[in-house]
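To keep things clear, I will list the structure first and then write my remarks on it.
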Amino acid sequence: MGLSTAAYSPAGSPTPLGTATARRRSVHQFLRPRRPLLATVRCSVDGAAAVATETPASRKDCFGVFCNIYDLKAEDTTKSWKKLVNIAVSGAAGMISNHLLFKLASGEVFGQDQPIALKLLGSERSFQALEGVAMELEDSLYPLLREVSIGIDPYEVFQDVDWALLIGAKPRGPGMERAALLDINGQIFADQGKALNAVASQNVKVLVVGNPCNTNALICLKNAPNIPAKNFHALTRLDENRAKCQLALKAGVFYDKVSNVTIWGNHSTTQVPDFLNAKIDGRLVKDVIKDTKWLEEEFTMTVQKRGGVLIQKWGRSSAASTAVSIVDAIRSLVTPTPEGDWFSSGVYTTGNPYGIAEDIVFSMPCRSKGDGDYELVSDVLMDDFLWERIKKSEAELLAEKKCVAHLTGEGNAFCDLPEDTMLPGEM
Ligand code: LMR
């Protein structure tokens, strides 16, 4: 892997916090890793002794206890453990990641027979917090978590990754134009796309969470021409989960009864929660919820604006439910989709069967065989109401795309957003 990440030394002298000099020093550590003291660490998993057989000094790309090699003999005893999966997470010191990383490490996402390596990308500013995250992962003694590394350079952190969960992005500040937000975050995702293209596994699956996630995903894939465009996703699973919850509430059922929910379009207030195709207990929603006005107005708006309402309550964006929806989104790709059902993901539109404009990232209904790949669902119902709303979200994404032409290699940007449409959190 060859990352030059910070080697955390439990015995190392503490670095003073808070000053620019201290920050520079800690990044310097990152660039030229200190090696931890030699130590023999013994771990035990399911009764099988896992003894460190390699000296920590031989592992440069690791954090703390993860510099001790997990003894392969332990794997021999279980036989069922799979080849290590490398997962990069950006924005790793943030709130969403703080929920997500522990789910990943617990085996909840990739399975109890799947060892993982976590490669955490932060910024110079968040580097101390990133060390704190890695220390908490150490202290959690997860048997499936075999490696943790931290860094601020995507070209190092993304080396050989099989999954890239791109969470880190700048929030829209007070008075900031949406065009400026698109540009600032777009630069981040252009750089990360280039880095993935250069050093990640060529079949890496990329899930963009940082907003505006559809257009960020488009920028990322355009900057990664060696990676199939189909491998890029923008997270709309949170919106799907929100829609399922609202339908269950209205129908007076538990949410496991709600299926076939599609979110079409952009992760913004133009997104289209589809009640035409959704089902409750196997019946079309319209046959169960007769209140069409509620479906067209209240249901739709509640889902579109749920993120903003949460921000008003919490004073910050949703974090735990976003992490849960990332888990759901990944699990939907690594486990077969239940017969007759589907899930929503923001994916590249080229070749879509619905007539949605090509060459954007748009949330659509998908099915997976569980191999990490997906197919679009073609047998969906469409009516004028649904189509009209889909076109509105499409228009928004086409306008966003023009704003970032300078980042996708398509000439000069021309930003003329018809109205100042919002992320769900920006009401
Ligand atoms: C959400 O849907 O909760 C977030 O995307 C809101 C936001 O703008 O952070």
Side-chain angles (χ1 to χ4, degrees), residues 89-100 103 123 126 165-186 188-189 206-220 232-247 261-274 299-330 343-347 361-363 389 393 396-397 400 403 417 419-427:
V89 180
S90 79
M95 292 288 288
I96 297 171
S97 298
N98 199 37
H99 291 277
L100 177 66
K103 292 177 180 294
S123 60
S126 69
L165 312 178
L166 305 184
I167 298 171
K170 283 230 176 347
R172 185 172 177 177
M176 190 193 279
E177 295 291 327
R178 188 160 167 83
L181 181 79
L182 280 163
D183 183 53
I184 292 169
N185 280 326
I188 296 172
F189 287 88
V206 183
L207 177 60
V208 177
V209 178
N211 280 319
C213 62
N214 294 56
T215 297
N216 288 341
L218 182 72
I219 293 167
C220 200
F232 290 78
H233 297 258
L235 184 80
T236 54
R237 186 53 170 268
L238 177 57
D239 307 298
E240 178 188 321
N241 290 354
R242 289 167 171 169
K244 281 183 169 161
C245 178
Q246 293 307 312
L247 289 173
V261 174
T262 310
I263 299 295
W264 297 89
N266 200 2
H267 176 66
S268 77
T269 51
T270 68
Q271 68 176 269
V272 189
D274 175 353
F299 163 68
T300 302
M301 270 175 47
T302 301
V303 176
Q304 289 170 334
K305 299 191 169 172
R306 183 77 161 181
V309 173
L310 256 155
I311 289 174
Q312 281 167 4
K313 303 269 181 203
W314 258 119
R316 58 150 178 82
S317 282
S318 56
S321 57
T322 304
V324 168
S325 72
I326 295 170
V327 171
D328 291 342
I330 299 170
F343 58 91
S344 307
S345 189
V347 291
V361 171
F362 202 85
S363 185
R389 293 194 172 208
S393 206
E396 179 182 63
L397 280 165
E400 285 188 15
C403 294
L417 295 168
E419 56 189 60
D420 198 20
T421 52
M422 308 269 182
L423 297 170
E426 292 175 339
M427 317 163 11

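Just so you know, these numbers come straight off a predicted model, no measurement behind them. By convention here, the first residue in the shown sequence is residue 1. Just follow the structure's listing: the first ligand is 1, and inside any ligand the first atom is 1.
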Query raised in the report: Do any N or O atoms from the side chain of N211 and from the backbone of A169 form a donor-acceptor pair under 3.5 angstrom?
Result: no
Query raised in the report: What residues, two or more places apart in sequence or in another chain, satisfy side-chain hydrogen bond (donor to acceptor under 3.5 Å, both in side chains) together with T262?
Result: W342
Query - N211, portion touching ligand 1 at heavy-atom distance under 4.0 Å - result: side chain
Query raised in the report: Which ligand 1 atoms, with their elements, are less than 4.0 angstrom from a heavy-atom of R242?
Result: 1 (C), 2 (O), 3 (O)
Query - Per-atom contacts of ligand 1 with S317, taking only distances under 4.0 Å to non-hydrogen atoms - result: 7 (C), 9 (O)
Query raised in the report: Does the N or O separation between T322 and ligand 1 drop below 3.5 Å for any pair?
Result: no
Requested in this report: Kindly say whether V347 contributes a backbone atom to a donor-acceptor pair with the side chain of S345 at under 3.5 angstrom?
Outcome: no
**Report entry** Set of side chain to side chain contact (heavy atoms under 4.5 Å, CB included) partners for V324, sequence neighbours left out
**Finding:** K103, D328
Report task. Report, in ascending order of atom number, the atoms of ligand 1 lying under 4.0 Å from any heavy atom of S318. Result -> 1 (C), 3 (O)
Query raised in the report: At under 4.0 Å between heavy atoms, which part of R316 makes contact with ligand 1: side chain, backbone, both or neither?
Result: neither
**Report entry** Which segment of R306 sits under 4.0 Å of ligand 1 when only heavy atoms are counted
**Finding:** neither
Query - Heavy-atom donor-acceptor pair, T236 side chain to W264 backbone, under 3.5 Å - result: no
Report summary line: ligand 1 atoms nearer than 4.0 angstrom to some heavy atom of H267 are 1 (C), 2 (O), 4 (C), 5 (O)
Query raised in the report: Hey, does the side chain of S393 reach the backbone of N266 with a donor-acceptor pair shorter than 3.5 angstrom?
Result: yes
